[in-house]
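Start at 1 with the first residue, then count along the sequence. All of these numbers come straight from a predicted model, not from anything done at the bench.
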Amino acid sequence: MTKYEVIGIMSGSSLDGLDICYVEFEEILKQWSFDIKAVKCYAYDEDFQKQLREIGNGSAFQLAEMHTHFSRIMADYVLQFFEEFPASKNASLIVSHGQTIFHQPEKSFTTQIGCGATLAAFTNKTVVCDLRTYDVALGGQGAPLVPFGEQHLFHDCTSFLNIGGICNISIHHPNQVEAYDVCPGNTLLNLLAQKVGKIYDDNGDIARSGKIHQDLIHELSKLSYYQKALPKSLGTEHIMKDWWEVIQNKNLSTADAMATVVEHIAIELGKVLKNSAVMVTGGGALNAYLIERIAAHTNSEIILPSRQMIEFKEALIIGFVGLNRYLGRNNFYSSVTGAHRDNMGGAIYG
């Protein structure tokens, strides 16, 4: 029996804030279990969200500067977390996903900012970061990385849907795992909500009030990403260049655009959900209208776990993925990412 206390940190493409999960992992005879000790999301203010959203269009100097600045912000939040939850200081390892700015595995690169060395220096903890780069170097997508954690930590479920900034699915078959990014999610919905002064569409109320435009549904469904073979994954830059431009060009009211995007997401997810129970997590799981529309397009049973699990599953799994890197074990499946072989992603500092 071996126990490890770990802090997992996740900042997703929806840019809503930094999720921190303090968890104890236990391994008994190669079987893993976990006990979440404390969680918190530290929301980004609008100005910082804007900086993160636009940094991909900035200069090389601005990107390098933000790489370190973002790690200082993460360190400040971790130190605040230590004060709010004193037991979390016992964690021996911090695992940081960083913030994805570019993700273009077809061009052999992916970029997550957040300097692990800086985070380690300011928290005085060992840090694992830069999880995706090695898989991409081996010809993989570097994504999704959560199926590894799902397989080891969630023994009673075989299908998972995460609705964050991007919607990704993983289906665990007896001899392989099928996992990929399906379509955009909260990245588009949050951009639309900001047009009417909201951070997000609470409960899907704006979308529910709008009218669905079938011509936009048809145009979005024809985007080239949906015809790509597996393995495949999305970056925010793809969403902005393809989906967002199409939506903007329609000049719809915010409510109508929101309703149509929700329907598009639901249709695309309905195409891939295969008549089985599926655990749904991520911020989109709290959007009642979106969940209703997904349910209308699939025969799969939609399982919504506890709110804590909905909001912090990714941070939990980030911690587990990084722990396995720290232990010197593979944490990426080539059958999922398309890499030349299973591999061990992550850089270690401290």
Side-chain angles (χ1 to χ4, degrees), residues 12-15 53 103 144 159 161-169 171 178-196 198-230 232-276 278 280-302 304:
S13 53
S14 59
L15 301 178
R53 188 175 299 110
H103 182 67
S159 295
L161 170 63
N162 184 74
I163 309 175
I166 296 168
C167 300
N168 52 70
I169 188 172
I171 302 170
E178 178 185 1
Y180 55 96
D181 291 339
V182 179
C183 62
N186 291 332
T187 295
L188 291 176
L189 297 177
N190 291 353
L191 284 169
L192 288 167
Q194 288 161 18
K195 285 180 169 289
V196 291
K198 305 284 188 180
I199 298 174
Y200 59 92
D201 183 12
D202 189 20
N203 222 30
D205 292 341
I206 299 172
R208 192 186 295 274
S209 71
K211 175 185 175 183
I212 296 169
H213 287 250
Q214 293 299 329
D215 58 336
L216 179 54
I217 293 279
H218 178 75
E219 195 167 343
L220 292 174
S221 71
K222 298 299 181 184
L223 289 172
S224 61
Y225 181 78
Y226 296 122
Q227 280 69 56
K228 288 182 66 174
L230 301 181
K232 60 182 181 179
S233 57
L234 277 171
T236 301
E237 66 266 41
H238 303 126
I239 296 172
M240 299 303 293
K241 179 178 179 295
D242 296 329
W243 284 263
W244 187 238
E245 284 192 8
V246 171
I247 294 164
Q248 292 280 76
N249 288 339
K250 290 296 181 181
N251 293 316
L252 302 178
S253 71
T254 297
D256 286 1
M258 189 88 76
T260 305
V261 169
V262 164
E263 193 70 8
H264 170 68
I265 293 169
I267 289 170
E268 295 304 323
L269 291 176
K271 291 176 182 177
V272 301
L273 295 175
K274 306 294 185 182
N275 300 330
S276 62
V278 57
V280 183
T281 56
L286 302 175
N287 184 324
Y289 181 64
L290 176 58
I291 295 300
E292 286 174 24
R293 297 314 303 152
I294 294 170
H297 288 282
T298 180
N299 291 322
S300 294
E301 178 189 359
I302 304 296
L304 297 177

Straight-line distance of I171 CD1 to S276 OG, nearest 0.5 Å: 6.5 Å
Counterpart residues, side chain to side chain contact (heavy atoms under 4.5 Å, CB included), relative to D202 (two or more places apart): Y200
Results of side chain to side chain donor-acceptor pair (under 3.5 Å) for T281 - residues two or more places apart only: N162
Treating S159 as the side-chain partner and V278 as the backbone partner, does any N or O pair qualify as donor plus acceptor under 3.5 Å? no
Please give me the minimum heavy-atom distance between A255 and S209, naming the atom from each residue. CB-OG, 3.7 Å
E237: partners by salt bridge (charged side-chain N to carboxylate O under 4.0 Å, His left out), with sequence neighbours left out: none
Any chance you could measure T187, atom OG1, to L15, atom CG, to the nearest 0.5 Å? 7.0 Å
Counting N and O atoms only, with roles assigned by atom type, does the side chain of D256 sit under 3.5 Å from a partner on the main chain of K211, one being a donor and the other an acceptor? yes
Partners meeting side chain to side chain donor-acceptor pair (under 3.5 Å) with S13 (sequence neighbours left out): none
Taking atom NZ of K250 as the centre, report whether more than 12 heavy atoms of other residues, nucleotides or ligands fall under 6.0 Å from it. yes
Close side-chain approach of L189 and N287, heavy atoms under 4.5 Å: yes
How would you list, by chain and number, every residue that makes a salt bridge (charged side-chain N to carboxylate O under 4.0 Å, His left out) with R208, sequence neighbours excluded? E292
Those residues at least two apart in sequence (or on a different chain) that pass side chain to side chain contact (heavy atoms under 4.5 Å, CB included) with Q194 are Q49, R53, N190, L191
Considering only heavy atoms from C-beta outward, does the side chain of N168 approach that of Y180 to under 4.5 Å? no
Once side chain to side chain contact (heavy atoms under 4.5 Å, CB included) is applied, do any residues pair with A257, and if so which ones, sequence neighbours excluded? L192, I247, L252
Of the non-hydrogen atoms in H103 and S233, which two are nearest, and what is the gap between them? NE2-OG, 2.8 Å
Shortest non-hydrogen contact from A295 toward I302: CB-CG1, 4.4 Å
Using side chain to side chain donor-acceptor pair (under 3.5 Å) as the criterion, list what pairs up with Q248, not counting sequence neighbours. K195
Below 3.5 Å, can you tabulate the donor-acceptor pairs from side chains in residues 266-274 to any protein atom, sequence neighbours excluded?
unit_1	atom_1	unit_2	atom_2	d
E268	OE2	K271	NZ	3.2

With A207, which residues qualify under side chain to side chain contact (heavy atoms under 4.5 Å, CB included), at least two apart? D201, M258, V262, Y289
Name each donor-acceptor pair under 3.5 Å that joins a side chain in residues 238-245 to protein atoms two or more places apart or in another chain, with its distance.
unit_1	atom_1	unit_2	atom_2	d
H238	ND1	G235	N	2.8
W243	NE1	Y226	OH	3.2
W243	NE1	H264	NE2	3.4

Any non-hydrogen side-chain atom of I265 less than 4.5 Å from a side-chain atom of L188? no
Please identify each residue that fulfils side chain to side chain donor-acceptor pair (under 3.5 Å) with E263, with sequence neighbours left out. R293, H297
Is there a donor-acceptor pair closer than 3.5 Å between any side-chain N or O of N186 and the backbone N or O of S14? no
